[in-house]
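Numbering of ligands and ligand atoms starts at 1, following listing order. Predicted model only: the values in this text are computed from it and were never measured.
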Amino acid sequence: EFCGGCVQICPVGALLNRLPLYEYRPWMLTRTETTCAYCADGCSLRLESRPQTREVIEVTSFWGNETKSIWGQGRNEGDLCAKGYFGYQFVNSPNRLTKPLIRKEGRRDSPLVEASWEEAIERVAEGFGRIKTEHGGSAFGALASARCTNESLYAFQKFVRLVLGSPNIDSSVRYGMVNAARAMTDLTGLPRWLPSYEEITQADLIFVIGTDITQTNPIVGLKVKAAAKRGAKLIAATPLRRRVSTMSHIVNRATRHLAHRPGAERAVAIGLVKAVMEKGSLAKEVASNPAVRRLRDTVSALSPKQIEAAAGVAYEQIEAAAGEWVAAPRAVMIFGESILRSLDGYETIRVLGDLALLTGKLIAEGSGLAPLFEENNELGAYEMGVVPDGLPGLGRTDDESDRDRLSQVWKEPIPSGPGLTMIEMLRAVREGRIKALYLMGENPVGSLPASSAAAEALDAAEFVVCQDLFLTESGRKADVVLPAASFAEQNGTFTNQEGRVQAVRKAIEPIHGTRPDWEILSQIALEMGYPLEYQDGAELSHEIGRLWSACRPGGPGWRGQPKRSEQAGAADRYLNQGLTEGISERYRLDPAENSAASNGRFHLAIGPVLFHSGKMSLQAA
Ligand code: SF4
């Protein structure tokens, strides 16, 4: 899966990348160090481009003794997966939108036709202005993609909250990342990882659950495999079986495999908590806490047989895994989309957090929880406040002091109270409570299941604006479509899942006719009479840095993990108050016959694969 690396280092040129073959001479290319736009592993890579023709020709990685690189070899230490090496062609895809599209005569039943930027911006400003005057700010819903830069996401939520006056904003983090963010915040006070990639490679034990990590987050998968090679124990809890086709499959490398029933991750986690409590393997600082006694009573009521039936794993196997977890001085728990995207994802992560807390591995150096995210900037979107209940810098919309802090920077009052989530918004559109939708890189019709009735919602909306690289399923239903620039055509930052805020650098000018998202937002705001003007991404980065220290060069959290000692207070609070909250719901076992995969029914597991993720890779050869 890291075949691009072989091509790059082949000493005799026997292996060549066929994509740019005969397209260039090396001296024709300009090299730009930037960050991958696919998954949240956050790899550093180099775009080899021809700025004169605005073409990205090839992707290469840092390797060897290249000390000139601004980040050394990046968090990926010179490795890239196949998507990183070969998935760049969407930038110069002939299917890119290069002109705004509007409905002829403004009627939804007329075709989308090309228009000038002036006409399109005017049409958007007029449509938004009319709906705001007639129905007020709450008549707007706004959805963004977590693939956009922090700067564009920040500008988007500011536009929605200030210019449209709406609290209804959400993003693709709703597909699962918010479950992790909420649970992690409950447990440690922050939605961020405490362990770093280096601590994964140095761990004595890694527990991987709910992810096919080689497919979804291959570079973190490499860190896990490096630890296993060093001699770390590797427990893989997954319904996936061993494979003969690829040695790198995580189950093949595992020292213990808990082959549970599909969708039964929470049952496995409950079994581990029960085993730890009944073996008396609790950390001494928690053992006598009254909340822990209550938890012991709860798990004691569950029999090993019930756990086996719900999890589909022999209880002795779970006990053995729990023993290994307790014995490891440095243990990291990595979990992914099968948990994050499940209906009980939040509860499952809380149970996994309980396990770490009870065994003294939640805050301890070298240990901790590490949720994996699919899209490159999911943590960034969450921290930029592109969620209905959050504000930039992890503020809360229902917290007056957080709103005051933000309004001092924005010099405007902030709409109070939480807005609607993505699914609630789509329902509100169908019911006529929301009249207009603004989509920035998000494609609900193409991404959500039919049961969400996203297509019907877009049909029912009075006015839909879609801003994207391509004409998506949602764009085809919009009143105005605005062509956006890709990550290769703008400056900004992405925040990877580990919490590193990394630079995105412009390799080429925007493809003719396209504009960066933040610039489009600025122009619409100006047309609507609101001064939301920014000259470049750096001006936005500076404003973000005032609100969120992790985005301020040199500030706390900037290119580093949060200080564990500072999160200890939050973990104590969780132990004393949070541990017993929702305990019966969290530790309720669904009988096996109720599980999705029982009685001849299938359990559908969805997620990215090594060679495909979202609509960008669909546009790469
Ligand atoms: S897709 Fe993920 S693992 Fe692959 S190169 Fe990009 S950031 Fe790295």
Side-chain angles (χ1 to χ4, degrees), residues 1-9 17 19 32-48 56 58-63 69 71-91 145-150 172 177 193 196-197 200-201 208 211-226 246 248-250 334 336-337 340 370-381 486-488 492-505 507 607-621:
E1 65 263 21
F2 302 98
C3 44
C6 309
V7 173
Q8 192 169 317
I9 60 169
N17 179 356
L19 300 177
T32 308
E33 295 175 2
T34 188
T35 305
C36 181
Y38 275 105
C39 88
D41 285 2
C43 296
S44 301
L45 50 74
R46 302 185 302 202
L47 293 178
E48 313 277 353
V56 173
E58 192 173 24
V59 165
T60 56
S61 179
F62 309 119
W63 60 284
S69 156
W71 302 305
Q73 294 173 322
R75 304 304 294 147
N76 44 320
E77 296 178 284
D79 288 309
L80 292 176
C81 77
K83 284 197 290 278
Y85 266 121
F86 303 117
Y88 61 88
Q89 286 181 316
F90 71 90
V91 174
S145 163
R147 292 203 188 278
C148 300
T149 61
N150 283 325
S172 47
M177 184 271 178
W193 288 26
S196 64
Y197 286 177
I200 292 176
T201 52
V208 179
T211 174
D212 185 359
I213 196 168
T214 305
Q215 295 283 328
T216 61
N217 297 77
I219 294 298
V220 176
L222 275 187
K223 315 275 179 206
V224 172
K225 289 164 199 166
T246 161
S248 64
H249 179 46
I250 200 71
I334 299 177
E337 75 289 340
L340 270 58
L372 300 174
F373 306 139
E374 176 185 354
E375 294 183 348
N376 53 317
N377 200 25
E378 295 196 35
L379 184 58
S486 76
F487 84 114
T493 53
F494 292 148
T495 308
N496 79 350
Q497 63 205 354
E498 189 200 14
R500 304 289 168 117
V501 180
Q502 306 191 103
V504 176
R505 291 166 180 266
V609 290
L610 194 56
F611 295 97
H612 172 59
S613 171
K615 60 183 174 289
M616 293 187 330
S617 58
L618 285 176
Q619 300 291 341

>> Using the rule given for side-chain hydrogen bond (donor to acceptor under 3.5 Å, both in side chains), can you reason through Thr60 versus Gln8, listing the C-alpha separation, both sets of side-chain angles and the distance that settles it, and then say yes or no?
In response: CA-CA 7 Å; Thr60 56; Gln8 192 169 317; 4.9 Å; no
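- Between His249 and Asp212, some side-chain heavy-atom pair lies under the 4.5 Å cut-off.
- Between Phe487 and Tyr88, the closest side-chain pair of non-hydrogen atoms is not below 4.5 Å.
- Residues Leu47 and Val59 are in side-chain contact: their nearest non-hydrogen atoms beyond the backbone lie under 4.5 Å apart.
- No side-chain heavy atom of Lys83 sits under 4.5 Å from any side-chain heavy atom of Cys36.
- Ordered by chain and number, Cys39 SG make up the set of protein N, O or S atoms under 2.8 Å of atom 2 (Fe) of ligand 1.
- Residues Leu372 and Trp193 form a side-chain contact, since some pair of their non-hydrogen atoms from C-beta on lies under 4.5 Å apart.
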